Colleague: 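I'd like to ask some things about the structure below.
None of these values were measured; they are calculated from a predicted model.
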Amino acid sequence: MKRMLIVCAIFLLSITNVFAQTSISTFVRFPDNKLAGRSYKPMLAFARVDDVTYLTLKMIHPYNYNSFDSESRILIRFKDETVIKLPIHYEFGVFKNFDSSWNSSLNRFSDFYITDTLYDIPMGDITKLTSCKIIKIRVVQTNGDIDDYSIGEIYQNKLLIGLKESYQELMYLDRQRKVNNMDETF
């Protein structure tokens, strides 16, 4: 998990200009109701770049990178049947990374094609994401290719708590980053 946070931080730093200030929180897996294939499940986290908050999506596949374009978006359906639509922040680009590790149970290397994207998120949607249970997430990729993820009843509360903690961690990290940039604290 630490390695993924470092990779994502490098991603955010590399896609913004030299003077950008970046903070990123812990990723939350979804759907997480089965242990099998856990390494390849998508993850969400909150990120801040120059005091603007984004939702970041990490997709991991064993054979190929995910493809995103300027029309890509995330649709999130909540338990109260409301839906929010978050457009991709394509100006930052799409970050791709590759990792491989030895899997002793399979007696071979496992490959990880990692794709990170950022999505614009208004403050009202942040409140909704951190206060209402999610029942379905749709990731729209290049040319309208979609991945739908139904969130099981048992996992909905865990996802909500994870996103709430992710946002709180982001606010703490961002405050700490700002304090660290002040010479008066030396």
Colleague: With the 4.5 Å side-chain cut-off for hydrophobic clustering, are Ile84 and Met123 part of the same group?
Modeller: yes

Colleague: Verify salt bridge (Lys or Arg N to Asp or Glu O under 4.0 Å) between Asp148 and Arg77, making sure each step is shown before the conclusion.
Modeller: CA-CA 11 Å; Asp148 280 339; Arg77 181 178 305 277; over 6 Å; no

Colleague: Which value, rounded to the nearest 0.5 Å, describes the distance between Leu160 atom CG and Tyr155 atom OH?
Modeller: 10.5 Å

Colleague: Evaluate the ring planes of Tyr40 and Phe112, with Trp represented by its six-membered ring, and classify them as parallel (under 30°), tilted (30 to 60°) or perpendicular (over 60°).
Modeller: parallel

Colleague: Are Val49 and Leu173 linked, directly or through intermediate hydrophobic residues, by side-chain heavy-atom contacts shorter than 4.5 Å (ILVMFWY only)?
Modeller: no

Colleague: Step by step, work out the side chain to side chain contact (heavy atoms under 4.5 Å, CB included) result for Glu153 and Lys79.
Modeller: CA-CA 10 Å; Glu153 183 83 29; Lys79 195 160 185 125; 2.9 Å; yes

Colleague: With rounding to the nearest 0.5 angstrom, report the OG to NE2 distance, Ser72 to His89.
Modeller: 14.0 Å

Colleague: Are Ile60 and Met43 close enough that some pair of their side-chain heavy atoms sits under 4.5 Å apart?
Modeller: yes

Colleague: Could you check if a side-chain atom of Ile135 sits within less than 4.5 angstrom of a side-chain atom of Glu81, using non-hydrogen atoms only?
Modeller: yes

Colleague: Looking at Arg177 and Asp174, is there a salt bridge between them, counting it only when a charged N and a carboxylate O are closer than 4.0 Å?
Modeller: yes

Colleague: To the nearest 0.5 Å, what is the distance between NZ on Lys128 and CG on Asp125?
Modeller: 9.0 Å

Colleague: Taking Ile137 as the starting point, is it possible to reach Met59 by hopping between hydrophobic residues whose side chains are less than 4.5 Å apart?
Modeller: yes

Colleague: Above 12 or not: heavy atoms from other molecules or residues under 6.0 Å from CD1 of Ile154?
Modeller: no

Colleague: Check Asp147, Thr117, Val139 against Asn66 for a side chain to side chain contact (heavy atoms under 4.5 Å, CB included) and give me the one that passes.
Modeller: Asp147

Colleague: Is atom OH of Tyr172 surrounded by more than 12 heavy atoms (other residues, nucleotides or ligands) closer than 6.0 Å?
Modeller: no

Colleague: Does any part of the side chain of Asp111, heavy atoms only, come nearer than 4.5 Å to the side chain of Pro62, both counted from C-beta?
Modeller: no

Colleague: When hydrophobic residues are tied together by side-chain contacts of less than 4.5 Å, even through go-betweens, does Ile151 share a cluster with Phe78?
Modeller: yes

Colleague: Can you tell me which residue among Thr130, Thr56, Thr26, Ile24 is in a side chain to side chain contact (heavy atoms under 4.5 Å, CB included) with Phe46?
Modeller: Thr130

Colleague: To the nearest 0.5 Å, tell me how far Ile121 CD1 sits from Thr127 OG1.
Modeller: 9.0 Å

Colleague: Can you tell me if CD on Gln176 sees more than 12 non-hydrogen neighbours from other groups inside 6.0 Å?
Modeller: yes

Colleague: Check whether any side-chain heavy atom of Phe30 sits under 4.5 Å from a side-chain heavy atom of Leu57, and report yes or no.
Modeller: yes

Colleague: Does any non-hydrogen side-chain atom of Leu44 lie less than 4.5 Å from one of Phe27?
Modeller: no

Colleague: Where do Ile134 and Leu129 land on the side chain to side chain contact (heavy atoms under 4.5 Å, CB included) test, with the steps shown first?
Modeller: CA-CA 8 Å; Ile134 298 171; Leu129 278 169; 3.7 Å; yes

Colleague: Heavy atoms, side chains only, cut-off 4.5 Å: are Tyr119 and Tyr54 in contact?
Modeller: no

Colleague: What distance separates Lys58 NZ from Arg29 CZ, expressed to the nearest 0.5 Å?
Modeller: 10.0 Å

Colleague: Any idea which heavy atoms bring Thr53 and Tyr167 closest together, and the distance?
Modeller: CG2-CE1, 4.3 Å

Colleague: Does Pro122 reach the side chain of Leu86, with side-chain heavy atoms less than 4.5 Å apart?
Modeller: yes

Colleague: What are the two closest heavy atoms between Ala45 and Ser166, and how far apart are they?
Modeller: CA-OG, 3.8 Å

Colleague: Taking side chain to side chain contact (heavy atoms under 4.5 Å, CB included) as the criterion, tell me which of Asp116, Asp145, Ile88, Val140 meets it with Phe68.
Modeller: Ile88

Colleague: State, with a plain yes or no, whether a side-chain heavy atom of Val28 is found less than 4.5 Å away from one of Leu159.
Modeller: yes

Colleague: Roughly how far apart are Glu165 CD and Ser25 OG, rounded to 0.5 Å?
Modeller: 10.5 Å

Colleague: Hey, any chance Leu170 and Ile161 share a hydrophobic cluster, counting ILVMFWY side chains that come within less than 4.5 Å of each other, even indirectly?
Modeller: no

